[in-house]
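One structure is given below, encoded as structure tokens.
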Amino acid sequence: MASNDHLCRINYLYQLSAWHTLALARHDGEQALARAHSRTLDLVAKRTRSKLLPQLKRTLCKRCRRLLVPRRTAECRLDTADTLVVRCRCGSAKRFAVGNDRDYRTFYEKPGNLR
Ligand SMILES: [Zn+2]
């Protein structure tokens with residue numbers, strides 16, 4: 001399978017997970033399908049050694065594979081040290097340093113590095 005096929009599959013699984021999180025799941029228990037799609041997405045990315053974009057990785061919980069949607073599946077707050085804390089319902093938290101360097105870009109976000 002070509003690399004482009006893997007990326008298409010990852011994209012499709014992400015959209016499925018987002019659809020189940022946003023449109024269908026009204027209760028926490030109903031998000032199992034969305035989490036299953038996110039878990040499959042992660043497995044496909046690891047098995048095929050495909051790099052996930054940082055914008056995509058930031059929206060997935062590492063512990064429970066839940067799609068992090070503010071006020072629905074995650075709570076966001078600004079820490080005192082200019083750190084954005086996104087806390088998933090499972091209790092896991094992602095921290096982003098937003099106050100130090102507002103122009104900071106990851107390697108793949110810089111122009112010319114995206115393949
Ligand atoms: Zn979680």
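As the structure lists them, so they are numbered: ligands from 1, and atoms in each ligand from 1.
- Residues Leu68 and Lys94 form a side-chain contact, since some pair of their non-hydrogen atoms from C-beta on lies under 4.5 Å apart.
- Each of Leu16 and Leu53 belongs to its own hydrophobic cluster when Ile, Leu, Val, Met, Phe, Trp and Tyr are linked at side-chain heavy-atom distances under 4.5 angstrom.
- At most 12 non-hydrogen atoms from other residues, nucleotides or ligands lie less than 6.0 angstrom from OH of Tyr12.
- Among the candidates Arg65, Arg47, Lys57, the single residue satisfying the side-chain hydrogen bond (donor to acceptor under 3.5 Å, both in side chains) test with Asp42 is Arg65.
- No more than 12 heavy-atom neighbours from other residues, nucleotides or ligands sit within 6.0 angstrom of CZ on Arg71.
- Other residues, nucleotides and ligands contribute at most 12 non-hydrogen atoms within 6.0 Å of the CZ atom of Arg95.
- If you look at the Zn ion (ligand 1), the protein N, O or S atoms less than 2.8 Å from it are Cys61 SG, Cys64 SG, Cys88 SG, Cys90 SG.
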